[in-house]
Protein chains: 2
Amino acid sequence: MMPITLDRIDRRILAALQRDGRLTNVELAREVGLSPSPCLRRVRLLEEAGVIDRYVALLNAEKIGYGMSVFVRIWLKGQDKDTVQGFIDAVQQLGQIVECHQLAGDCDFLLRVVAENLEAYRRFQSEHLARIAGISSLKTDIPLLNVKSRTELPVLPG
Amino acid sequence: MMPITLDRIDRRILAALQRDGRLTNVELAREVGLSPSPCLRRVRLLEEAGVIDRYVALLNAEKIGYGMSVFVRIWLKGQDKDTVQGFIDAVQQLGQIVECHQLAGDCDFLLRVVAENLEAYRRFQSEHLARIAGISSLKTDIPLLNVKSRTELPVLPG
DNA sequence: GAAATAGCGGCATATGATGCCAATAACTCT
DNA sequence: AGAGTTATTGGCATCATATGCCGCTATTTC
């Protein structure tokens, strides 16, 4: 996939929308130094090109009862297609698993799971996670502090 | 922090806005089965309560040249305040580090770093990451496949 | 230097957001 | 159970914003 050529104004648009996806076009235009018309045209082009993937609302996990986020490293029994695909399919079914990456190296998969609290996670692990076929072993890492968690990708110099 | 009581309509609103943060209030109202006025009022209340933290645009990393995302596990030389805080401060300065969690257990920190490609990451590691004071050792995990990467938290039953 | 191209700004119209008010539904207390 | 109270809804009027079109300007190309 070819990276797309972005000029300084495009980058400012992307920085602004990554920060606030609900900026009105008028505000965005003012911020990047254009009039609304060409600004909107650039946004549409960035959307159509897939540079802007989508707009989402981010919730405060604690406010809706998910006080805890846990990392889980998983080792499978084998790397054959059935084992791996079966695991991936099971992961897709579980909404509390918000991230899952297949890794090259030490362990096979890294997950992030949200839960109400440690007890709720324990239950989730024994009732859902540990029941997935093909898992050889798993290790849980508990975050002490969320130092940084950005959805923004760096688009501006500096 | 107290979790907030959400009724069925609130949950539908949150699900919809997590999926598409740019839904117009008219569309959102239709989707959750309200008229625009009370729908907008609920959204404002959810925003003011902090349940909706913010709205953002999500970019396609590959389209802007970040073909690679790398996990890094870090062990510090000590757990004293100066060492830990120094590390945290350094992490905040580096835009390519998009996530950083302090962990309880095996390793001290888990990072996610975006880079143009493996060679660019290697340069980032030696020129920026490895130069942070207080690091004892570090291990890099390369994702083979992004199985799942949701910003959405589960808010609906099922 | 002339023609062609790309990108900008302004304007008119349609659509949506926002605040107010009356009506309805749910809830409470006796 | 019923009357009063509170919370929530839907509709309407107004204002702001989005959107598409057109002419203008700057830049490029030959």
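A, B, ... follow the sequence lines: proteins, then strands. Residue 1 opens every chain.
Rounded to an integer number of Å, the gap from CZ of R8(A) to P of dG7(C) is 17 Å. When rounded to the nearest whole Å, the span between CG of L23(A) and P of dA16(D) equals 18 Å. R44(A) has its CZ atom 16 Å from the C1' atom of dC21(D), to the nearest Å. If you measure from atom CG of L34(B) to atom P of dT24(C), you get 18 Å, rounded to the nearest angstrom. The distance between atom CG of L28(A) and atom P of dT19(D), rounded to the nearest whole Å, is 13 Å. Atom-to-atom, CG of N25(B) to C1' of dT17(D) comes out at 14 Å; the value is rounded to the nearest Å. Rounded to a whole Å, the CG atom of L6(A) is 13 Å from the P atom of dG7(C). Here dT14(D) presents its C1' atom at 15 Å from CG of L40(B), a figure rounded to the nearest Å.
Side-chain contact, D89(B) with Q85(B): a donor N or O sits under 3.5 Å from an acceptor N or O.
Contact annotation for S35(A): base contact, defined as any heavy-atom pair under 4.0 Å involving a base atom. Among the protein residues, R42(B) comes within range of the sugar-phosphate backbone only, with heavy atoms under 4.0 Å from sugar or phosphate atoms but none that close to a base. Counting non-hydrogen atoms under 4.0 angstrom, S37(A) reaches a base of the nucleic acid.
Side-chain contact between V147(B) and F87(A) is absent, with no heavy-atom pair separated by less than 4.5 Å.
Checked by atom type and distance alone, the side chain of R12(A) pairs as donor or acceptor with a backbone atom of V32(A) at under 3.5 Å.
Nearest-nucleotide positions on DNA chain C place C39(A) closer to the 5' end than the other of C39(A) and R22(A). Between V26(A) and R41(A), the residue anchored closer to the 5' end of DNA chain D is V26(A), taking for each the nucleotide with the nearest heavy atom.
Salt bridge R44(A)/E47(A): present, at least one basic N to carboxylate O contact under 4.0 Å.
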